[in-house]
2 protein chains.
Amino acid sequence: MAVDRRKQIVEAAGKSFALFGYKATTMEQVAKLANVGKGTIYTFFTNKEELFDVIVDDVIYQLRDLAKTSIDPDQSFMNNLHRFLFSALEFRREHEFVIRLTHEVKEMGTAAAKEGMLKIENAILNFMAVKIQDAIDREDIKPCNPERTAFAMFKMYIAFVFDWELTHEPLSKQEILELFRQYFVNGLAVES
Amino acid sequence: MAVDRRKQIVEAAGKSFALFGYKATTMEQVAKLANVGKGTIYTFFTNKEELFDVIVDDVIYQLRDLAKTSIDPDQSFMNNLHRFLFSALEFRREHEFVIRLTHEVKEMGTAAAKEGMLKIENAILNFMAVKIQDAIDREDIKPCNPERTAFAMFKMYIAFVFDWELTHEPLSKQEILELFRQYFVNGLAVES
DNA sequence: GACTGACCATTTTAATCAACTAGTCATTTC
DNA sequence: GAAATGACTAGTTGATTAAAATGGTCAGTC
């Protein structure tokens, strides 16, 4: 085959979803952008949602890859935690797609966008949970429920990065790192 | 005076806002419920927003009172933290007003409702920050930024109580308490 | 037989107008 | 005559419906 139409479609869809979100992306638009007839899309994907899901999966794959790159097995759990969360954040900031989706979920509550975001979030949480379990096994941190711990860390990170700056001066990376160290690593209990 | 019209109005408004939210509450409704002419409301309150604000302030007052009751100066910080957060939560669950507002903010994004919720949230955060500062002074916990710590605790609590159960079995009070102890009090660092 | 775009059923958007509501103020009540 | 009121107004909101757009199909093209 001269051109990989499926690839063209996926690329076009990725761009369009990132640029306009789920709802505002039309199949005709994607077809035009992919230099492909509209019907061709339906020979590869059963419907709009499935096409969207493929893009979401691709984003998750990229994210996982980015995370794996940012994690160094020789570093401490805490260092890797921050590197991972930070890379996830960079990813989020950079990646039009996730930003648009977040926006669309908040502003319009599009069902497909909600599901997509949930899937991405779960992928992050799963990945974190695995890494936390590793750290426990290595006795790098105390035993704890990896799933809940991942959840707590993720939510707090999101809160400090996105919610805090709604009512305060944004926190720097260093400050966030320090807060994580205080709360999650050392705890607030006074040494006895 | 035979009847305290202002009080009647405030009570009627409280009920109506709790029952129908900000938008769906009409001044005529409040007037009827208060057995008062519509114009009378405007002799006490300049507009709907101000009337709403008075109700919000009243809710904050009640919340603060509830918190003060639930806090025992002889108990440890951790115990009081949990008692306070728990009472705040009970309050939220029980109190129609806060429930309706939360709902209205999420579903319709009413500006006035948003402001009201923000005000309530800030009141809780302020109160917590003061208590955290107290605990630091008493050397009950390590020195830390009270405002950020209150924020972190509040957000995590909300996450565990409201967000966690969207994708998991709800956590019991004991479990949440235990998670707070693990993360905020002891930290995850292995004892060296 | 892979690909296409005109076509169809359904959904979304825009326009219109009727109904409602926040806030005012001339009149009434006590 | 001070306090209270509800008819009234200007502005907003909501229902209605017609027009435009869109997801998905399929007969026909290359």
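Please read these numbers as outputs of a predicted model, since none were measured by experiment. Naming convention: chains lettered A, B, ... in sequence-line order (proteins, then strands); numbering from 1 in each chain.
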Whole angstroms only, please: what is the NZ-C1' distance between A:Lys48 and D:dA21? 12 Å

Over all heavy atoms of both residues, which pair between A:Ala123 and A:Ile60 is shortest? Give the atoms and the distance, please. CB-CG2, 3.6 Å

Measure from CG on B:Asp4 to P on D:dA4 and round the result to the nearest Å. 10 Å

Give me the distances for all protein-to-nucleotides 27-30 of chain C N/O pairs that come in under 3.5 Å?
none

Taking only residues two or more places apart in sequence, or in another chain, which ones meet A:Asp72 in a side chain to side chain contact (heavy atoms under 4.5 Å, CB included)? A:Asp74, A:Gln75, A:Asn80, A:Arg83

Sub-6.0 Å ring centroid separation between A:Phe180 and A:Phe160: no

For a 4.5 angstrom cut-off between non-hydrogen side-chain atoms, does A:Phe184 reach A:Leu81? no

Separation of atom CD in B:Glu50 from atom C1' in C:dA22, rounded to whole Å: 14 Å

What is the distance, rounded to the nearest whole Å, between atom CD1 of A:Ile9 and atom P of D:dG23? 14 Å

Within this structure, what is the CD1-to-P distance between A:Ile41 and D:dG23, rounded to whole angstrom? 9 Å

Charged N-O contact under 4.0 Å between B:Arg148 and A:Glu175: yes

Charged N to carboxylate O under 4.0 angstrom, B:Glu11 versus B:Arg6? no

Looking only at side-chain N and O atoms, does A:Asp137 offer a donor or acceptor that is under 3.5 Å from a partner on A:Gln133? yes

When you check every protein heavy atom under 4.0 Å of nucleotides 25-30 of chain D, what one-letter string (B, S, -) results, 5' to 3'? B-----

Does a side chain donor of either B:Gln62 or B:Asp58 reach within less than 3.5 Å of an acceptor in the other side chain? yes

Can you give the donor-acceptor pairs under 3.5 Å from side chains of residues 18-31 of chain A to other protein atoms, not counting sequence neighbours?
| unit_1 | atom_1 | unit_2 | atom_2 | d |
| --- | --- | --- | --- | --- |
| A:Thr25 | OG1 | A:Ser16 | O | 3.0 |
| A:Thr25 | OG1 | A:Ser16 | OG | 3.1 |
| A:Thr25 | OG1 | A:Gly21 | O | 2.7 |
| A:Thr26 | OG1 | A:Gln29 | N | 3.0 |
| A:Gln29 | OE1 | A:Ser16 | OG | 2.9 |
| A:Gln29 | OE1 | A:Thr26 | N | 3.4 |

Side-chain heavy-atom pair A:Gln182, B:Asn145 within 4.5 angstrom cut-off: no

Determine whether the aromatic ring centres of B:Tyr183 and A:Tyr183 lie less than 6.0 Å apart. no

What parts of residues 19-36 of chain A reach DNA chain D, counting only heavy atoms under 4.0 Å away? A:Thr25, A:Thr26, A:Met27

Can you measure B:Asn47 atom CG to C:dT21 atom C1' for me and round it to whole angstrom units? 14 Å

Is the side chain of B:Thr40 donor-acceptor paired with the backbone N or O of B:Val36 at a distance under 3.5 Å, no angle test? no

Which residues within residues 104-113 of chain A lie with some heavy atom under 4.0 Å of an atom in DNA chain D? none

Does the pair B:Phe77 and B:Val185 meet the rule for a side chain to side chain contact (heavy atoms under 4.5 Å, CB included), with working shown? CA-CA 10 Å; B:Phe77 171 76; B:Val185 182; over 6 Å; no

Give a yes/no on whether any side-chain N or O of A:Arg5 is located under 4.0 angstrom from OP1 or OP2 of C:dC3. yes

Between atom CZ in B:Phe44 and atom P in C:dA22, what is the gap in whole Å? 19 Å

